[in-house]
Each structure stands twice: as C-alpha cells, then as structure tokens.
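Input: a single structure, listed below in structure tokens.
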2 protein chains.
Amino acid sequence: MINDSQVVNAAFRGSFEPALIEEINRIGIYQEVEEGEYLIRPGSYIRSVPIILSGSIKIMRPDAVGNEALLYYLSGLDSCAISMTGSPDNKPSEITAIAEEKTRLIFIPVEKVDEWICRFPTWKQFVFRTYQRRFDDMIATIDSIAFKKLDERLLTYLKKKTQSCQCTVLQITHEEIAREMATSREVISRLLKQLERVGYLRLSRNKIEIL
Amino acid sequence: MINDSQVVNAAFRGSFEPALIEEINRIGIYQEVEEGEYLIRPGSYIRSVPIILSGSIKIMRPDAVGNEALLYYLSGLDSCAISMTGSPDNKPSEITAIAEEKTRLIFIPVEKVDEWICRFPTWKQFVFRTYQRRFDDMIATIDSIAFKKLDERLLTYLKKKTQSCQCTVLQITHEEIAREMATSREVISRLLKQLERVGYLRLSRNKIEIL
DNA sequence: GCGGTTCCGTGATATATGTCACACGGGCAA
DNA sequence: TTGCCCGTGTGACATATATCACGGAACCGC
C-alpha cells in the first residue's frame, strides 16, 4: 500500500525543489476519483486547483441545451489552468471536469498557488507551462472544429484517446463520442463503420478496437 | 503633442502602483501601429509582450492552406496571453496579430514580465487577469463555432465589432468577414443580405451600417 | 469618359451534416 | 423462455454550408 506522500514525492521529484514538495505534501489534499466521476460541474465555485498525479481528466464545455464540446484532456502532472486564477470576481465555473479513468490528484488551494509563485521558481515555471499547454490545446481544438471535416476530427479523436489510455481498445459508446464532438450518434456510427470497412478498426458493442 | 510617458501614465494610473508605472516607462518600448499592420506573424519569435494602450488588435489562427480563424480581440489595457510565457522551448508563434485600427502599445520584454510578477502585486494580478480573459474568450469562440449556426455567429461577430470600434458603421468587406469566420464570401454576402432585408443593417460597398 | 479592378448579388448545384424512423441483436432480469 | 433496454446499422430525407459561374455596380487612375 502506497501512502499519499510517497505518491506525491514520486510524481514531483525532479520537477520541484524539495521544499516545495514538502509544502505540497503539507497543504495539498490528496484524492482519488473513479472513472466517470465529476470533479467540477458548471455553476460550482472553484476554490482549489487540481494537479493530476496519475490517470486522466477530460474538460468539457457544455452549452445551454445539453450539448458539450471537448476542450482538452489533462493527464500526468498537468493541471487545469482555468481554475488557477483565483477568479477575483468569483464567477462560478463554466466547465465540466470528468475522470476518464481512475485518477489520483492533489488539490492546492488557490491562495497557495498564488503565494508559491514568488517563493518557488519551479512552481512559477509550472504554472506558466500549464497555461501555455492549455492555450495550445485550445488552439488545436479551435483549429480542428473550424477547419476539419468530421471524419478527420474523428480520427484525431481516436488517436488522442488511445494515447491517453495507453491502449488500443476503447470502451466507449458511439453516443458518447458524438456528445464530445458535438454531433449526433448516427453520424459517428456511419463514420466509424466507414473506418471499419477500410480496416482501420474493429467495432463491437461498447468497444472500438484500433488496428 | 502628448509624449509617450504621459500616455503610459494616463493609461496605467489607478491600475498599477507608481513604482511599476515608472519601470514600465523606463523599460517598455512605446510603439504606434496603423490599421492593418501586422504585429506578429506565424513563425516569428516572440521576445516581448505587447500591452494595448488604445486601439485594438485582432488575434487570428491561420491554418496550412490560407484559412484563418479569429481567436479574440485585444483592446484597452489588454495584453496577449499567448506571448506572456517566455516560451522556454522557444517555439515560434502560431498566431497572427493585426491592428484593427490605429493602435498604441507598449512592449515589455518577457524577462521583465516574469521578474515583475514577484516585485509588483498589481502586475501579478494583471498577468493573471489577462490569462483569465483570454481563456474566457477562447471558450466563447469554441462555443460559437461548435454550437451556433453561421447566421447567429455573424450576428455576434457584428456586435463585437461595433463594440470594439465604438461605432455603428463598419468599414469592412464581406471577404474579410468570411476569412475571419472561416467560411466563404458568398455565404456571408447572402446572410448579410438577409439581415438587411430584415432591417437589421444597411449595406453598401466596403461598409455595413448597423441600425 | 474609359478600362480595369475590386466588391457585391444571386442562381444552380454539390457536399456534409443533422434528423427521423425503424429494424436488429445481445444481454439481462424476471 | 420471454420480454425489454440499450447500443448499433442503415435508408430516406431535411438542412446548412461550400463551390461554381456569372453579371453588374462602385471606385480608381488615367
């Protein structure tokens, strides 16, 4: 049985200075979430910032009528930039965060995020790198929605998914893919079937096997 | 004739502490750009961060084959978050920044952006607020591309545009709108005509008058 | 005014995507 | 076994957007 601080130490060693790791251990709140669990819902207030130790989280943007668009995934040692800024105007969140698989993370209160920036150079670096990555992700998302056709988007979606779970068999329904890509189930079914005919993958119930 | 430091002082008074304003005056490089001028092109390296004093800048994302998508606008006291992170890996820019009108700005070298964060609390606030705003903008952009039809997007486009220039007459061609919205000229012409028939605006060459 | 250029309007048509309707099959529970 | 959901496959059709083709209008330099 691994205890929390061991996990934290292992994750951060090499990235952060020892004093910072100690602070994180002291202040941070360790948590494990199961696949499908919600970390953030739109309307909730964000008072602490999650850092992903292992597993992965998907960040989605829901609209008013039940659609959602996938913004980006978070995985090892990433964090959610949106929640970083102490949101001085105290707006509620506009996004949803859902665990893609069993995920371990540690929560840092926003005040600390702020405070550490000046105390620990590696933390400052971390915060900025996180922002940068999220920007790049969002730009990539805009790119693909604005310029690509659905079949191409579906392909990159499948690629990212397999990368993030490190496997070739996805446990997922067409319906769910459709929601994440803000389209309809039938369309995804058809495109997947096409990819199967081409030999790119094999389909079965609740399962997509990439070849 | 107003000199640079007067402009800077006027813009920042109230937002920044005097010592910081003095630093900005000492370090920052003041510049004026005319409408249509490029500030950043994809492929160029960003070594300093612009803060807009007056006027406005649009930030676009070009793709490989000549399309572009509008990411967001910058105006008074905004800054471009993308360029803020000293980009330690030194990647070239992936975006384009173009002046929408005659614009005054001041460039801060990236090292200073970093350094000031710990020296001046209001600067830290400014940097984070900037990130936050850009995130919100990008999410709004994704929202509208993913969920809205073109006619609705066109409407919000026109609204933002009139807001940003503080006027009801837009000097712009259908072609340009089309490029910013990543669609084709004919489509925009048709939709605009529709809006004219409905009495929402009046069209003439190079000009759109909102009613 | 004239010729060229840029912008705009608009029909016809193509394509991509969204929607509806329904059938099939597998699993699962009673 | 029976019946029922859920996920899937697929045809038919609706709609939105893209593309092509053209003509005409406004403007610009001479």
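No hydrogens, no waters, no symmetry mates; every other heavy atom, side chains included, goes into these values. As the structure is a computational prediction, the values presented were derived from the model and not from experiment. Quick note on labels: first sequence line is chain A, next is B, and so on, each numbered from 1.
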request  = Write down the distance between CD (A/Glu152) and P (C/dA16), rounded to a whole number of angstrom.
outcome  = 13 Å

message = With a 4.0 Å cutoff (strictly under), does any side-chain N or O of B/His174 reach OP1 or OP2 of C/dG9?
response = yes

request  = Could you tell me the separation between the CZ atom of B/Arg205 and the P atom of C/dG9, rounded to a whole number of Å?
outcome  = 11 Å

request  = Quickly work out the A/Arg153 CZ to C/dA16 C1' distance and round it to whole Å.
outcome  = 13 Å

Between N or O atoms, less than 3.5 Å apart, protein on one side and nucleotides 17-21 of chain D on the other: list the pairs.
residue	atom	partner	partner atom	Å
D/dT17	OP1	B/Leu150	N	3.0
D/dA18	OP2	B/Thr183	OG1	2.2
D/dT19	O4	B/Arg190	NH2	2.7
D/dC20	N4	B/Glu186	OE2	3.2

ask   = Which word best sums up how the rings of A/Tyr131 and B/Phe135 line up, parallel for under 30°, tilted for 30 to 60°, or perpendicular for over 60°?
value = tilted

inquiry  = What is the separation between atom CD on A/Gln171 and atom P on D/dT8, rounded to the nearest whole Å?
reply    = 11 Å

query = Are B/Asp63 and A/Lys148 close enough for a salt bridge, meaning some N to O gap below 4.0 Å?
reply = no

Option among A/Trp116, A/Phe128, A/Phe12 that satisfies the ring-ring contact (aromatic ring centres under 6.0 Å, His included) test with A/Trp123 = A/Trp116

key: Rounded distance (Å) that lies between atom C1' of D/dC6 and atom CG of A/Leu203   = 16 Å

query = Once you round it to whole Å, what is the distance between C1' of D/dG7 and CZ of A/Arg179?
reply = 13 Å

message = Rounding to an integer number of Å, can you tell me how far A/Ile177 CD1 sits from D/dG7 P?
response = 13 Å

query = Charged N to carboxylate O below 4.0 Å: is that the case for A/Glu35 and A/Lys102?
reply = no

ask   = Is A/Lys193 paired with A/Glu196 through a side-chain N to carboxylate O contact shorter than 4.0 Å?
value = yes

note = DNA chain D nearest-nucleotide lookup for B/Asn206 and A/Leu192: closer to the 5′ end is A/Leu192

Contact under 4.0 Å: B/Ser189 side-chain N or O vs C/dC7 OP1/OP2 = no

message = What I want to find out is whether A/Asp137 reaches A/Arg134 closely enough, with some N-O distance under 4.0 Å, to be called a salt bridge.
response = yes

inquiry  = Taking B/Lys161 first and then B/Glu176, would you say they form a salt bridge - that is, a charged N and a carboxylate O separated by under 4.0 Å?
reply    = no

remark   = B/Lys207 atom NZ is separated from D/dC27 atom C1', nearest whole Å, by 14 Å

